[in-house]
Amino acid sequence: MGFEMTVDRIEKTQKGYVIIGERGEDAVSIKVSRLCGVKEGDVILVNKARIRVLEDKTRQRREHIIKLQQELSD
């Protein structure tokens with residue numbers, strides 16, 4: 001199948017992009033020719049030569065982070 005990862009950083013190269021992130025506790029980097037809408041902080045599915053943003057998981061992750069930030073500021 002494939003694996004999910006959270007994008008920490010995106011770097012531009014001469015031939016495309018390098019997406020650097022986390023898969024569980026492992027650091028992962030993949031090379032892609034196109035970003036397909038991927039942004040830093042997104043949760044993506046990497047399946048062979050394709051990547052796809054998992055919009056629901058990304059939204060849930062961002063809501064969770066916002067909630068944690070609000071709790072810290074209170």
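Residues: numbered from 1 along the sequence shown. As the structure is a computational prediction, the values presented were derived from the model and not from experiment.
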Result block: side-chain N/O donor-acceptor pairs under 3.5 angstrom for residues 14-33, not counting sequence neighbours:
none

Taking salt bridge (charged side-chain N to carboxylate O under 4.0 Å, His left out) as the definition, give me every residue that meets it alongside R9, ordered by chain and number, with sequence neighbours left out. E11
Partners passing side chain to side chain contact (heavy atoms under 4.5 Å, CB included) against L68 (at least two apart in sequence or in another chain): H64, E71
In this structure, NZ of K67 is separated from CD of Q70 (nearest 0.5 Å) by 9.5 Å
Rounded distance [0.5 Å steps], CD1 in I65 versus CD in Q60: 12.0 Å
Which pairs of donor and acceptor atoms, one on a side chain in residues 37-56, lie under 3.5 Å apart (sequence neighbours left out)?
from : atom 1 : to  : atom 2 : distance (Å)
E40  : OE2    : I10 : N      : 3.4
D42  : OD1    : R62 : NH2    : 2.8
D42  : OD2    : K39 : N      : 2.8
D56  : OD1    : R59 : NH2    : 3.3

